[in-house]
Amino acid sequence: MSRKASIELRDLKLQTQIGTYKTGDIIPDSHLLDLTLWIDSNLVFISEDNMGNVFDYDPLIVDITRLASDCHYETQERLMSRIIEACASYPQIQSLEIGLRKSPVHNSSGSLGVRLNLDQEALSKLRS
């Protein structure tokens with residue numbers, strides 16, 4: 001029997017600068033990250049309460065926040081690509097879904113985002 005587990009990060013507000021704006025443009029005041037990581041279920045369904053038995057996602061969060069703030073990005077897609085590369089450095093991650101959205105986009109409302117899914121094969125190719 002095959003089992004998969006996921007770790008879900010939702011609505012992480014990133015301290016980042018994305019885009020180039022001119023006078024009169026709506027400048028987003030937030031960039032929110034959603035990230036779902038699929039891992040082996042043995043890293044979730046554990047018999048002992050011990051950090052050594054689970055996937056420690058804290059270092060990945062540190063990587064993500066560092067990537068978000070370490071430069072100005074022209075596009076959301078570039079920041080997402082760098083976050084995906086960071087995720088690929090963790091062999092426990094089998095596949096992932098990532099979404100990054102900015103808000104507001106018009107009339108002080110709405111959000112606009114980009115979402116990408118990478119299956120196990122795509123993530124393996126990225127690691128090669």
Do Thr65 and Gln15 get their side chains close enough for a donor-acceptor pair, meaning under 3.5 Å? no
Closest non-hydrogen atoms of Arg127 and Tyr90, given as atom of the first, atom of the second and distance, are NH2-O, 2.8 Å
Shared ILVMFWY cluster between Ile84 and Val62, side chains joined below 4.5 angstrom? no
Using a 6.0 Å cut-off, check whether atom CD of Gln17 has over 12 heavy atoms from anything other than its own residue. no
Could you pull out the closest heavy-atom pair between Ser41 and Ala5, with the gap in Å? CA-CB, 3.8 Å
For residues Val54 and Trp38: do they belong to one hydrophobic cluster (side chain heavy atoms under 4.5 Å, members Ile, Leu, Val, Met, Phe, Trp, Tyr)? no
Any link between Met51 and Ile46 through a network of hydrophobic side chains (Ile, Leu, Val, Met, Phe, Trp, Tyr) touching at under 4.5 Å? yes
Heavy-atom pair of closest approach, residues Ile39 and Gln92: CG2-O, 3.4 Å
Reported OG-to-CD distance for the pair Ser124 and Gln94, which is rounded to 0.5 angstrom: 9.5 Å
Looking at every heavy atom in both Thr16 and Leu79, which two are closest together, and how far apart are they? OG1-CD2, 4.0 Å
Are Val105 and Pro28 side-chain neighbours, meaning at least one heavy-atom pair lies under 4.5 Å? no
Do the side chains of Leu60 and Leu9 get nearer than 4.5 Å, heavy atoms only? no
Nearest heavy-atom approach of Ser95 to Lys4 is OG-NZ, 3.7 Å
Same apolar cluster (I L V M F W Y, side chains within < 4.5 Å links), Leu32/Tyr57: no
Between Arg10 and Thr36, does any side-chain donor sit less than 3.5 Å from a side-chain acceptor? yes
Do Arg82 and Cys71 touch side chain to side chain, with heavy atoms closer than 4.5 Å? yes
Side-chain touch Leu116/Glu77, heavy atoms, less than 4.5 angstrom: no
Under a 4.5 Å cut-off applied to non-hydrogen side-chain atoms, are His106 and Leu112 in contact? no
Check whether more than 12 heavy atoms from other residues, nucleotides or ligands sit under 6.0 Å from atom OH of Tyr21, and answer yes or no. yes
4.5 Å side-chain heavy-atom contact, Ile18 and Lys102: no
Could you tell me if the side chain of Leu100 sits less than 4.5 Å from the side chain of Leu14, heavy atoms only? yes
More than 12 foreign heavy atoms under 6.0 Å from CG of Asp11: is that the case here? yes
Can you tell me how far SG of Cys87 sits from CD1 of Ile98, rounded to the nearest 0.5 angstrom? 6.0 Å
